[in-house]
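Let me begin by presenting the structure, written as structure tokens, before commenting on it.
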Amino acid sequence: MLELLQTLLVTIVTLGVLVSVHEFGHFWVARRCGVKVLRFSVGFGKPLLSWTGRDGVEYVLAGIPLGGYVKMLDEREADVPEALKAQAFNRATPWRRMAIAFAGPLANFILAVVVYWAIFLNGVNGVAPIVDGLETGSLAERAGLQLGQEIVAVDSESTPTWEALQLQLLNRIGESGLMTVSAKFPDSDVVHDYNIHLQDWMQGLEEPNPVQELGVKLFVPKLLPELDEVVAGGAAERAGLQKGDLILSADAQSMPDWQTWVQVVRDNPGTALALEVQRGEQVLELSLIPERKLEDNGVAIGFAGVSVAIPSWPESMQRTMTYSVFGAVSAAAHKTWQMSAFTLESIGKMISGALSPKNLSGPISIAKVAGSSAQYGFVAWLGLLALLSISLGVLNLLPIPILDGGHIVYALVEGLSGRPVSEQIQNWANQIGLALVGVVMIFAIYNDILRL
């Protein structure tokens with residue numbers, strides 16, 4: 001229950017920040033363009049809190065945190081006194097209306113740059129992508145990649161960390177043609193380029209894993225059956241197990257890794273297991289009776305009540321990127337541009353069928369990711385905030401009626417032709433746009449439910 005409340009709170013805060021920044025962009029530019037703002041609302045539906053500021057604007061916090069709006073004076077919506085007509089949105093020049101519409105997404109991009117700047121200024125940590133295995137007959141093996149090499153670039157874009165490698169490979173999803181992977185051995189400065197021929201790569205996959213599809217297994221430290229936390233009152237504590245213990249064997253079966261240990265415990269609910277445990281310089285003999293627990297499908301499994309000690313990465317594989325104040329600005333702007341392009345390309349590939357539409361996510365997935373990112377710390381949450389802000393900015397710039405991109409198109413047509421788009425055409429287009437956005441939203445929520 002507590003975890004659910006935490007997820008809900010983090011989600012509301014995340015969406016609240018994104019919506020507030022987006023709407024503030026519209027609000028700030030509208031006032032500087034001479035347009036009177038009547039209401040600034042974060043959320044939809046019944047107001048939970050509202051007040052009127054000294055500027056005469058009604059500020060509202062509403063109950064449905066899935067968006068917001070800035071209501072401006074407009075003769076098309078209500079009668080406007082003669083003295084205020086010059087401040088009506090519909091009286092503003094097309095270029096000013098275009099600026100007002102563009103300001104919301106722009107504010108989201110600026111937020112992303114500021115957030116990434118803070119992250120980069122703090123320093124970015126990661127681990128190098130070292131090839132630890134090659135699948136027989138895979139793209140990587142046929143191209144000539146070798147065990148022990150570090151993948152340093154894909155298509156000339158640097159890949160110093162796992163995250164950077166994943167992103168560069170995902171850029172090629174659904175594509176055909178030549179992809180160049182650059183790699184070197186850790187003790188050498190000689191970089192080798194390997195040409196990989198793609199054909200509709202990962203097209204239509206519901207959960208694409210580009211490193212796996214390439215046929216590469218990246219190095220990870222071996223996860224030994226060494227205990228970290230022992231749950232108070234649990235089966236492991238009753239058996240005498242302690243933090244730092246290394247499980248050597250269970251019922252005379254060697255325990256080479258954590259996964260083997262977990263499987264033995266799961267397979268023996270309520271059954272006594274004879275353990276050999278190394279504790280410091282001593283080897284102890286203990287007896288563990290795993291607790292019996294039922295899974296959702298009714299199958300009984302064993303449960304010991306312990307967690308694994310996470311091994312540290314070799315220092316030679318750790319990558320820490322540090323930036324100066326101005327260097328972080330440049331890196332943040334590049335990251336925002338890179339992720340914006342990636343988001344736009346992904347939308348295009350989803351429309352063309354190269355990327356499965358089942359990758360589309362809605363508010364439920366956002367809530368789950370927001371909650372889990374908060375558990376990993378403030379920096380992880382900031383990274384998610386920047387990514388969502390970019391997505392919101394890109395999506396709102398799509399030329400779909402009712403979105404900011406649709407209003408920009410209307411204003412652009414009027415500015416170039418000298419005549420406004422007729423209200424009848426706008427009404428029809430808005431209805432189509434509303435239906436399209438509604439269908440996409442329903443499909444995204446449907447995908448979310450399937451992932452539960």
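Heavy atoms only: backbone and side chains are in, while hydrogens, waters and symmetry mates are out.
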Please walk me through it: do R31 and V37 pass side-chain contact (heavy atoms from CB on, under 4.5 Å)? CA-CA 7 Å; R31 297 186 66 176; V37 176; 3.8 Å; yes
If you apply the rule salt bridge (charged side-chain N to carboxylate O under 4.0 Å, His left out), what do you find for D228 with K243, and how did you get there? CA-CA 5 Å; D228 183 21; K243 179 176 182 176; 3.6 Å; yes
Could you walk me through whether T320 and V124 pass the side-chain contact (heavy atoms from CB on, under 4.5 Å) test, one step at a time? CA-CA 6 Å; T320 300; V124 180; over 6 Å; no
Does the pair E414 and R97 meet the rule for a salt bridge (charged side-chain N to carboxylate O under 4.0 Å, His left out), with working shown? CA-CA 11 Å; E414 182 178 345; R97 280 184 273 127; 2.8 Å; yes
What's the verdict on side-chain contact (heavy atoms from CB on, under 4.5 Å) for L134 and V216, showing C-alpha distance, side-chain angles and the deciding distance? CA-CA 5 Å; L134 291 166; V216 171; 4.0 Å; yes
side-chain contact (heavy atoms from CB on, under 4.5 Å) between M72 and I100, intermediate numbers included: CA-CA 11 Å; M72 302 171 216; I100 293 170; 3.6 Å; yes
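Listed here is the closest heavy atom pair of V394 and F109: N-CZ, 3.8 Å. When every heavy atom of G393 is checked against every heavy atom of P105, the shortest pair comes out as O-CB, 3.5 Å. Closest heavy-atom contact between T159 and V154: CG2-N, 3.9 Å. Pairing each heavy atom of A304 with each of L288, the nearest pair is CB-CD2, 4.2 Å. Across all non-hydrogen atoms, the minimal contact from S340 to I390 is OG-CG2, 3.4 Å. The two residues I310 and L223 make their nearest non-hydrogen contact at CD1-CD1, 4.5 Å.
Contact of the P225 side chain with the L246 side chain is registered, since non-hydrogen atoms from C-beta on lie closer than 4.5 Å. Residues V191 and V152 have side chains in contact (heavy-atom distance under 4.5 Å, counting atoms from C-beta outward). A 4.5 Å side-chain heavy-atom check between V220 and W313 finds at least one atom pair inside the cut-off. Between Q149 and P129 there is no side-chain heavy-atom pair separated by less than 4.5 Å. When side chains are defined from C-beta on, L18 counts as touching L111, because their heavy atoms get closer than 4.5 Å. Looking at L198 and L178, their side chains never come closer than 4.5 Å, going by heavy atoms from C-beta outward. Using a 4.5 Å heavy-atom cutoff, the side chains of W201 and L169 are in contact. Using a 4.5 Å heavy-atom cutoff, the side chains of N171 and F342 are in contact.
Using a cut-off of 4.0 Å between Lys/Arg side-chain N and Asp/Glu carboxylate O, K349 and E175 are scored as salt-bridged. Between K71 and E23 no salt bridge is recorded (no basic side-chain N to carboxylate O distance below 4.0 Å). Salt bridge status for K222 with D257: absent, with no side-chain N to carboxylate O gap under 4.0 Å.
Remark: W117 CH2 is loosely packed, at most 12 non-hydrogen atoms of other residues, nucleotides or ligands lying under 6.0 Å away. Within 6.0 Å of the CH2 atom in W337, the count of heavy atoms belonging to other residues, nucleotides or ligands does not exceed 12. Counted within 6.0 Å of CD on E163, heavy atoms from surrounding residues, nucleotides or ligands total 12 or fewer; the atom is thus considered open.
Going from atom OG of S312 over to atom CE of M317 covers 11.5 Å, rounded to the nearest 0.5 Å. Rounded to the nearest 0.5 Å, atoms CG (D404) and CZ (F102) are 10.0 Å apart. Of the inter-residue distances, the one linking I400 atom CD1 with N430 atom CG reads 12.0 Å to the nearest 0.5 angstrom. With rounding to the nearest 0.5 angstrom, the CD atom of E150 is 9.0 Å from the OG atom of S316. The distance from the CG atom of L218 to the CD atom of Q212 is 11.0 Å, given to the nearest 0.5 Å. To the nearest 0.5 Å, the span separating CD1 on I247 from CE on M255 amounts to 9.0 Å.
In this structure, H192 and Y194 have tilted ring planes: the angle between them lies in the 30° to 60° band. Relative ring orientation between H407 and Y410 is described as perpendicular, the plane-to-plane angle rising above 60° on a 0-90° scale split at 30° and 60°. Taking the six-membered ring where the residue is Trp, F40 and Y59 present tilted rings, their angle falling between 30° and 60°.
Side chain of T260 to main chain of P256: no donor-acceptor pair is present (N/O by atom type, distance under 3.5 Å, no hydrogens or angles). Between the side chain of N268 and the backbone N or O of V265 there is no donor-acceptor pair closer than 3.5 Å. Checked by atom type and distance alone, the side chain of R142 pairs as donor or acceptor with a backbone atom of G137 at under 3.5 Å. Proximity of a side-chain donor or acceptor of E291 to a complementary backbone N or O of A235 within less than 3.5 Å is detected. At distances below 3.5 Å, at least one donor-acceptor pair connects side-chain atoms of Q426 with backbone N or O atoms of V421. S138 places a side-chain N or O within donor-acceptor distance of the main-chain N or O of E135, the cut-off being under 3.5 Å. Without hydrogens or angle criteria, R319 side chain to V127 main chain gives no donor-acceptor distance under 3.5 Å. Without hydrogens or angle criteria, S307 side chain to E229 main chain gives a donor-acceptor distance under 3.5 Å. A donor-acceptor pair is defined here as one N or O able to donate and one able to accept, closer than 3.5 Å; such a pair exists between the side chain of T161 and the backbone of A164. When atom types are taken as modelled, the side chain of S389 and the backbone of N108 share a donor-acceptor pair closer than 3.5 angstrom.
For the residue pair E213 and N209, no side-chain donor N or O sits within less than 3.5 Å of a side-chain acceptor on the partner. Side-chain atoms of N122 and Y323 form no donor-acceptor pair, as typed in the model, at a separation below 3.5 Å. T180 and D193 share no donor-acceptor pair across their side chains, judged by distance under 3.5 Å alone.
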